[in-house]
2 protein chains.
Amino acid sequence: MAKTVEQIAKALGISITTVRLVLNGKAGQYRISAKTQSKIDSYVAEYGYTINHAARSLKLNKTDTLGLIIPRLSNLFFSTLAEKLEIRCREAGYQLTTSCTYSDTERENTLVETMQQRNVDGLFVVPSSLQAQNHHLKRFTKPLVFLDRDFSDSEVALVVSDNVNGSAALTTAMIDAGKLPLFFMAGDIQQPTIRQRLQGFTDVLAGHGISENSAWVLTARHNRREDGQLLMQRFFELHQDAPPAFIASSLPVLEGALNVLRERYGYIPVEMNIGTFDEHPMLGFLPNNTWSMRQDEDAWVEHAFQAMTLGMEGETSPGKSVIPMTLTHRRRAAV
Amino acid sequence: MAKTVEQIAKALGISITTVRLVLNGKAGQYRISAKTQSKIDSYVAEYGYTINHAARSLKLNKTDTLGLIIPRLSNLFFSTLAEKLEIRCREAGYQLTTSCTYSDTERENTLVETMQQRNVDGLFVVPSSLQAQNHHLKRFTKPLVFLDRDFSDSEVALVVSDNVNGSAALTTAMIDAGKLPLFFMAGDIQQPTIRQRLQGFTDVLAGHGISENSAWVLTARHNRREDGQLLMQRFFELHQDAPPAFIASSLPVLEGALNVLRERYGYIPVEMNIGTFDEHPMLGFLPNNTWSMRQDEDAWVEHAFQAMTLGMEGETSPGKSVIPMTLTHRRRAAV
DNA sequence: GTGAAAGCGCTAACAC
DNA sequence: GTGTTAGCGCTTTCAC
């Protein structure tokens, strides 16, 4: 097993070049004798041959590997994205290697350096901040495609969802269904994605002439379950009852918020109207009216991979791709 | 940027060895002059130095990379496992690279060959079948640690949950709460994990002198949402009403089963008692009594990494690790 | 049709 | 304290 080209050649008493030509399928092209070919073939069938990827990389200065750096894999949106991107990369002959930052900027920077050392041919990154993004641009010397966070740097290759319009559509759908007042439980509004979702919300409310909307917005520091809990706890410091309708800025925030309700009441009030970003089959477990605004991972992958291909071909950056979102409504369960 | 050791040495007019010693932190040990050191340091500060990992790998015949092959990342259990294993590997200085099989044996075999070519130092695999497992053992020449599927091959390094006892405990808890009859909706019972869960169930029922339990078991071909749907549809071909209590053999099966109920009734009957394997925060969205049997990813990671370490140190296989599961009960929501 | 040789950037062993 | 060298296994180029 795992013979090298040289070992095969020596064992068979033929030259390295000949073996190589056969192994690379160039036998016909160079008119290698059938006898030599079958000698090589049967040797390989017996002992096997595994190309040494490190040697190839060293010579060609490419690894046929792409990197993906995301906040966490245990977030369904990112794990789905990783899955689909891996499939797309493999189709094109690339191995994708994924690592998580856990929203730690230092870790993120380290990961980029690691990817650089390992000489990946290109890198997809969800950057935690504009500084981090600039760090990567400086340190990483091959094509970079940024995902999910729009820091308004028009030069970079970037794929994001159309969060402003998606949020506006979600808000409009809930208002049209008569669900007012409508609260918005936002995680970290420093983060562009969340900020844009909040903006879509306030835009629509302003368009409806609702000026008190700032009272309907609650914000937290991060986007985790715990932040959702804090948000709902804060809500109860300000109000007597559960909100008749609210939007969570992401699924973990929703999980935390509903958890507080269930602890407080022993149940989740069924008459409550719930909006959220990101879709999940388990939203159907809720008996409530729910609206979820889904991000289109397939379109993300196509745009991101296309941008990477252009970058690797040396084209200039394709700039920003803004992917539309789609709304899923689940009607309140009959009783 | 990205100078090689040789370039640095030439630019500074000193020898490659000297530069190397400084870069590797051996300056003190070999008493390199402070002047030389600072010359090198400032050059690196200016132009940077990125080690060429391919060259290092080629020379040392190791990549400081481990592979992980799982069915899918969009399954929360596996994505959590991947996350925690990545963290553990990085602590020990290894990069983890994860790929998915989508339960396709051929793809799985290809992935193992790819990992072999890329010369990963070791491989964690969730094998789709005993044949696949044997294929890997034959083709992969470095340490292998298998996960999640117990094909009763006592020689291999393997980490699994204690599915038989876990399932027995789950079944017992539901029976003790008076939830009979209790149905079991199983996905693919060819797969050892599912078979063992089913076995824990039938064992307990037999222990309670319930002989008709075979009528309470429904099985499907795979373990996906669609299979859960089929199972619940089949249930309704045999019964008039929704099951008063049932156990799903995994979360996707549960999602599919509940989906059918919601379609049929417009709601999920709140008096139904639900058991499932794998824990998820969104199970709290259900107003029902639920019991979920969780797998302990942290323990999996510790045992798996330990087994890998032993393998890399050339020790003999540590054999099978069986990890206990823990039960979470959510009480039916008050009204 | 087949062979030989240089070189990718690193490590390790040895020389001065 | 510093310098030289061989060689990991591959690709590419040129030679016969």
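The model shown is predicted, which means the values in this text are computed figures rather than measured ones. Proteins come first, then strands; the chains are lettered A, B, ... in the order of their sequence lines, and each starts at number 1.
- F77(A) meets the ring pair (Phe, Tyr, Trp, His ring centres under 6.0 Å) test with W300(A); sequence neighbours excluded.
- Separating the CG atom of D64(B) from the P atom of dC10(C) is a distance of 15 Å, rounded to the nearest angstrom.
- Checked against ring pair (Phe, Tyr, Trp, His ring centres under 6.0 Å), Y43(A) has the following partners two or more places apart in sequence or in another chain: Y47(A).
- With dT12(D), dG9(C), dG3(D) as the choices, the nucleotide that has an atom nearest any side-chain atom of T4(B) turns out to be dG9(C).
- Nearest to the side chain of S33(B), among dT2(D), dC10(D), dC10(C), sits dT2(D).
- For the side-chain hydrogen bond (donor to acceptor under 3.5 Å, both in side chains) test, no residue two or more places apart in sequence or in another chain qualifies with N134(A).
- Note on R56(A): every side-chain N or O is 4.0 Å or more away from OP1 and OP2 of dG9(D).
- Note on S57(B): nothing from the nucleic acid sits closer than 4.0 angstrom, heavy atoms only.
- Applying the salt bridge (charged side-chain N to carboxylate O under 4.0 Å, His left out) criterion to E108(B), with sequence neighbours excluded, gives no partner residue.
- N119(B) places its CG atom 11 Å from the P atom of dC10(D), with the value rounded to the nearest Å.
- I40(B) and V19(B) get closest at one heavy-atom pair: CD1-CA, 3.8 Å.
- Rounded to an integer number of Å, the gap from CZ of R20(B) to P of dT5(D) is 17 Å.
- In this entry the distance linking CG of N52(B) with P of dC8(D) reads 18 Å, nearest Å.
- Closest to the side chain of I51(A), from the set dT11(C), dG3(C), dT11(D), is dT11(D).
- The separation between H53(A) atom NE2 and dC8(D) atom C1' is 16 Å, rounded to whole Å.
- Nucleic acid contact for L60(A): sugar-phosphate only, since backbone atoms but no base atoms lie under 4.0 Å from a heavy atom of the residue.
- Here dG9(C) presents its C1' atom at 19 Å from NZ of K62(A), a figure rounded to the nearest Å.
- Distances were taken from every side-chain heavy atom of Y49(B) (C-beta onward) to each of dT2(D), dG9(D), dC10(C); the shortest belongs to dC10(C).
- Within 6.0 Å of CD on E315(B) lie more than 12 heavy atoms contributed by other residues, nucleotides or ligands.
- If you measure from atom CG of L23(A) to atom P of dG9(D), you get 15 Å, rounded to the nearest angstrom.
- Set against dT11(D), dT11(C), dG9(C), the side chain of L58(B) has dG9(C) as its closest nucleotide.
- Nucleotide dC14(D) holds its C1' atom 14 Å from the CG atom of L21(A), rounded to whole Å.
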Please list, pair by pair, any protein nitrogen or oxygen found under 3.5 Å from a nitrogen or oxygen in nucleotides 4-6 of chain C.
residue: dA4(C); atom: N6; partner: T17(A); partner atom: OG1; Å: 3.0

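- A search for salt bridge (charged side-chain N to carboxylate O under 4.0 Å, His left out) contacts involving K62(A) returns D64(A), not counting sequence neighbours.
- Across the interface with DNA chain D, nearest-nucleotide mapping of A55(B) and T36(B) shows T36(B) to be the residue nearer the 5′ end.
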